[in-house]
Amino acid sequence: MMRTIVLAFALLLLAGEHRAGAESTVSRGAYLVNTILACGNCHTPRDADGGLIRDRALSGGLTITTPTFTATAPNITPDRETGLGDWSEAEIRRALIEGIRPDHGGLPGVPLAAVMPIGFYKALLPDDLAAIIAYLRTVKPVRNKVAEPVYRAPVHRAPYPDAEAGFTKADFSDPVRRGQYLVPIGHCMECHSTFSAGSSDYRGGLGRGGRPFGPALIQGLGSEWRGAVAPNITSDPAAGIGRWSDTEIDHAIRQGIARDGRRLNPPMAFVFYAGLTDADVGDIIAYLRTLK
Ligand code: HEC
Ligand code: HEC
């Protein structure tokens, strides 16, 4: 009798521990998805004023039109018919880091357009990737089918050197190195690097800005949105943010307010970065300071 009770108690403890582990995985995933990764910057629908429709989070969002494709960020909630409800964990993982859809469904095995930042998500540590997928499973399912993509040319993505090289947990004792991880997973440099002939330059043009965003490229940011050009965020004192204090850079990232007090426009994802911890913003700034 006593043994049964002890055994039952031990099992109960184990179950509790297991649940706590699962909860912290999901909460890590929620933090990543809703802050630095800003998946909703593309995947959450907006109203006519460009405001995020939060009760339909991740149910399908912006449409991107380039010379090579037109694609709408699909529904990534667990809805079975219009979202990821029927995708296995392995299938979601493959889509996120290889950019290939599952072998079932409407577009079996078809590669995702270059706008989906797969080249950056290759940097994700296995635990973080698992946390993201675990969180996506817990999001409220919303029914919403987005328009089918149109492809006019094969997919081309410029590889991002830091993501190709990869990271390990051991790197993270160094704040600069942690920032160097957060910047690719936030795909900051996809917008903030020089861009020409349909391709980003992540070597010579890393962080140097100049990429234009406008209503012909992005549809769904609201009727008032006129576009924006991503600025230079290297530490150059004249062209970049070299003369900005840490607080000023933090305000741009988390509040969307530039050094001169100007309100930043989307697609800069400050609405999402608002939720970043002080430590994470500090490490991002420490890394940006190292960009010549
Ligand atoms: C810059 C915009 C952008 C960001 C940021 C982004 N996505 Fe996407 N994503 C897209 C677009 C656009 C597509 C559709 C591409 C196509 O149809 O070829 C897509 C496709 C997908 C797909 C495939 C869905 C399907 O039904 O085929 C998944 C899964 C996905 N994204 C998950 C995510 C997650 C998770 C994040 C955050 C970690 C994220 N995306 C961040 C734009 C984005
Ligand atoms: C989807 C594209 C996009 C992404 C991703 C993005 N930004 Fe931006 N960012 C912009 C644009 C566009 C502006 C300028 C907005 C304006 O002028 O209204 C901007 C402005 C800024 C500014 C203000 C600089 C200045 O001179 O005014 C900073 C700092 C900045 N971004 C840092 C970051 C960091 C750090 C990340 C990643 C955590 C990031 N951005 C991710 C597009 C992006």
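Both counts, for ligands and for their atoms, begin at 1 and track the order of listing.
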Is there a side-chain contact between Ile285 and Glu248 (heavy atoms, below 4.5 Å)?
no
Check each heavy atom of Glu190 against ligand 1 and say whether those closer than 4.0 Å belong to the side chain, the backbone, both or neither.
neither
Does the residue Thr72 have a heavy-atom contact with ligand 1, meaning some pair of atoms that are separated by less than 4.0 Å?
yes
Would you say ligand 1 has an N or O under 3.5 Å from any N or O of Leu37?
no
Mind checking how many protein N/O/S atoms fall short of 2.8 Å from atom 8 (Fe) of ligand 2?
2
With a 4.0 Å cut-off on heavy atoms, does Glu148 reach ligand 1?
no
For ligand 1, which is the ligand I care about here, please tell me if Tyr121 has any N or O atom under 3.5 Å from one of the ligand's N or O atoms.
no
Once you restrict to heavy atoms under 4.0 Å, what part of Tyr287 touches ligand 2? Side chain, backbone, both or neither.
neither
Consider every N or O of Arg263 and every N or O of ligand 2, then say whether any pair is closer than 3.5 Å.
no
Can you confirm, on distance only, whether ligand 2 has an N/O atom lying under 3.5 Å from any N/O atom belonging to Asn41?
no
Under 4.0 Å from any heavy atom of Pro149, which atoms of ligand 1 are there?
17 (O)
Within ligand 2, which atoms have a heavy atom of Ile36 less than 4.0 Å away?
38 (C)
Leu136 heavy atom under 4.0 Å from ligand 1:
yes
Just to confirm my output: which protein heavy-atom neighbour is closest to atom 18 (O) of ligand 1, and how far is it?
Tyr151 OH, 2.4 Å
Transitive ILVMFWY side-chain link Val139 to Val26, under 4.5 Å
yes
Assess the side chains of Asp174 and Tyr287: does a donor N or O sit below 3.5 Å from an acceptor N or O?
no
Do any pairs count as a salt bridge (Lys or Arg N to Asp or Glu O under 4.0 Å) and have a residue in residues 220-240, sequence neighbours left out, and if so which ones?
none
Please determine, by modelled atom types, if Thr70 and Arg152 share a side-chain donor-acceptor pair under 3.5 angstrom.
yes
Does Leu96 come within less than 4.0 angstrom of ligand 1, counting non-hydrogen atoms of the residue?
yes
Nearest protein heavy atom to atom 27 (O) of ligand 1, by residue and atom, and its distance?
Arg101 NE, 3.0 Å
Residue, atom name and distance, where the atom is the protein heavy atom closest to atom 15 (C) of ligand 1
Ala113 N, 3.8 Å
What pairs of donor and acceptor atoms, side-chain ones from residues 123-130 against any protein atom, are under 3.5 angstrom apart with sequence neighbours left out?
from   : atom 1 : to     : atom 2 : distance (Å)
Asp127 : OD2    : Lys169 : NZ     : 2.6
Asp128 : OD1    : Arg28  : NE     : 2.9
Asp128 : OD1    : Arg28  : NH2    : 3.3
Asp128 : OD2    : Arg28  : NH2    : 3.1
Asp128 : OD2    : Tyr181 : OH     : 2.7

For ligand 1, which atoms sit closer than 4.0 Å to a heavy atom of Trp87?
23 (C), 24 (C), 25 (C), 26 (O), 27 (O)
is_close_aromatic(Tyr151, Phe69), centroid dist under 6.0 Å:
no
Ring centre gap for Phe120 and Tyr202 strictly below 6.0 Å
yes
Count of N, O or S atoms belonging to protein, less than 2.8 Å from atom 8 (Fe) of ligand 1:
2
